[in-house]
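Notes for the one structure printed next.
Counting starts at 1 for both ligands and their atoms, following the listed order. We're numbering straight along the sequence, starting at 1.
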Amino acid sequence: MPDHESTRRTVVIGNWKMHKTSAEGVALAAELVAGLEPGRAAVAVAPPFTALAPVADALRGSSVSLAAQDVFHEREGAFTGAVSAPMLAAAGCSIVLVGHSERRHVFGDRDEDVRRKALAVLDAGMRPVVCVGETLEQRDAGDAENVVRSQVEAVVARLSEAQLARLTVAYEPVWAIGTGRTATPEIAEAMHRVIRASLAALAGSGAAERTPILYGGSVKGDNAGAILAGANVDGLLVGGASLRADSFLTICHAAG
Ligand code: 13P
């Protein structure tokens, strides 16, 4: 098996969720650009839609990439309130989160929606980060692995090799999001192994080895290093701790 250090670059994405006006986002982006030390980790931020274009300007010329938090799968049309993948690409995004648990649980995104969104992101030349994760109820019932496997399968089953090359998966146990209750490094690594095995079964071991699998859920500066130590943990998707430059930079620097 290839050494993951050499095949998968560490990725850290700050998901700002519904925080930051354009001006606040630009200020935070400028602080990140000024404070980020060169390292191995690829760093991205995901502002709300309204801040994408100004934050893209603030990041121009830096190593920090721009991500969107969601997308609608159609290219254009009468879909009031929706934003398409080509619009996000034109705003400067190279990465789009799809299937975040808040999209699934607050807005009702189903596996089929997540699959369509991932395909739209790929069609527009960007990289989808497919978020998966079980609820506490599902974990307590012993269903966590099956839930996560079926969420992965719903998106990955029919992707081509070229599409798989741009895929990232993020494991975010719902019970660890915004709760301060981080999965232990052992729980995270165990589920990342399940996801990697599931990718191998669906797409072959080469694609599975190349796909970055990120962890998200109450990641902070003081637990990032321990979580990243897992052999199958390739990066972090950070919510609350990405809203301030100091806490997010601490995590970026812990990642390389
Ligand atoms: P928190 O880091 O605030 O728990 O959020 C995690 C998350 O949902 C990132 O997408």
Side-chain angles (χ1 to χ4, degrees), residues 10-20 24-25 28 32 41-49 51-52 55 64-71 88 93 95-109 114 117-118 121 126-136 138-139 144 147-148 151-152 155 167-185 187-188 191-192 195 212-228 230 233-255:
T10 307
V11 179
V12 181
I13 303 175
N15 175 9
W16 296 355
K17 307 192 179 184
M18 200 172 74
H19 295 280
K20 307 289 177 191
E24 291 164 348
L28 175 55
L32 295 177
V43 175
V45 292
F49 289 141
L52 285 174
V55 169
V64 181
S65 301
L66 187 67
Q69 300 174 16
D70 188 40
V71 64
L88 296 176
C93 295
I95 299 168
V96 183
L97 310 183
V98 295
H100 190 280
S101 74
E102 287 144 21
R103 297 301 318 175
R104 293 179 190 262
H105 297 289
V106 182
F107 298 97
D109 283 16
V114 180
K117 290 178 178 199
V121 171
M126 299 179 290
R127 310 171 69 90
V129 175
V130 177
C131 305
V132 298
E134 81 285 359
T135 62
L136 188 57
Q138 290 164 331
R139 174 159 284 268
V147 166
V148 168
Q151 290 172 339
V152 170
V155 175
L167 175 74
T168 296
V169 176
Y171 171 54
E172 297 205 307
V174 178
W175 45 271
I177 296 177
T179 58
R181 184 179 162 189
T182 324
T184 62
I187 290 178
M191 190 61 90
H192 283 226
I195 293 169
I213 306 176
L214 317 185
Y215 170 81
S218 297
V219 173
K220 307 280 182 265
D222 59 5
N223 59 26
I227 294 169
L228 280 169
V233 179
D234 306 314
L236 301 166
L237 185 48
V238 184
S242 73
L243 296 175
R244 286 178 44 152
D246 53 358
S247 48
F248 190 57
L249 286 170
T250 300
I251 294 169
C252 295
H253 296 150

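For ligand 1, the atoms lying closer than 4.0 Å to a non-hydrogen atom of S218 are 1 (P), 2 (O), 4 (O). Less than 4.0 angstrom separates some heavy atom of L237 from each of these atoms of ligand 1: 9 (C), 10 (O). Here is the list of ligand 1 atoms found below 4.0 Å of a heavy atom in G178: 1 (P), 3 (O), 4 (O). In the vicinity of I177, heavy-atom distances shorter than 4.0 Å reach the ligand 1 atoms 4 (O), 5 (O), 6 (C), 8 (O). In summary, the atoms of ligand 1 found under 4.0 Å from a heavy atom of G217, numbered by their order in the structure, are 4 (O), 6 (C). Close contacts of ligand 1 with G240, meaning ligand atoms under 4.0 Å from a residue heavy atom, involve 1 (P), 2 (O), 3 (O). Interface atoms of ligand 1 facing E172, defined by a heavy-atom separation under 4.0 Å, are 6 (C), 7 (C), 8 (O), 9 (C), 10 (O).
In the model, H100 has no side-chain atom that pairs as donor or acceptor with a side-chain atom of Q69 under 3.5 Å.
The shortest N or O to N or O distance between H100 and ligand 1 is below 3.5 Å.
The distance from atom CD1 of I227 to atom CD1 of I187, rounded to the nearest 0.5 Å, is 10.5 Å. Taken to the nearest 0.5 Å, the CD1 atom of I95 stands 12.5 Å off from the CG atom of L88.
Residue-ligand proximity: K17 is placed with a non-hydrogen atom under 4.0 Å from ligand 1. The shell of residues lying under 4.0 angstrom from ligand 1, judged by heavy atoms, excludes A241.
Take A254 and apply the side-chain contact (heavy atoms from CB on, under 4.5 Å) test, not counting sequence neighbours, and it matches A224. Shown here are the side-chain contact (heavy atoms from CB on, under 4.5 Å) partners of L243, two or more places apart in sequence or in another chain: W16, H19, K20.
A side-chain contact (heavy atoms from CB on, under 4.5 Å) with R104 is found for one member of V114, V174, T135 and no other, namely V114.
Residue A176 touches ligand 1 through its backbone alone, judged by heavy-atom distances below 4.0 Å. Only the side chain of N15 comes within 4.0 Å of ligand 1, counting heavy atoms alone; its backbone N, CA, C and O stay farther away.
D70 has its side chain within reach of D109: a pair of non-hydrogen atoms, C-beta onward, lies under 4.5 Å apart. Two residues are said to be in side-chain contact when any heavy atoms from C-beta on lie closer than 4.5 Å; I177 and K17 meet this criterion.
Looking only at heavy atoms of the protein, atom 2 (O) of ligand 1 is closest to G239 N, 2.9 Å.
Salt-bridge check for D222 with K220: failed, with every basic side-chain N at 4.0 Å or more from each acidic carboxylate O.
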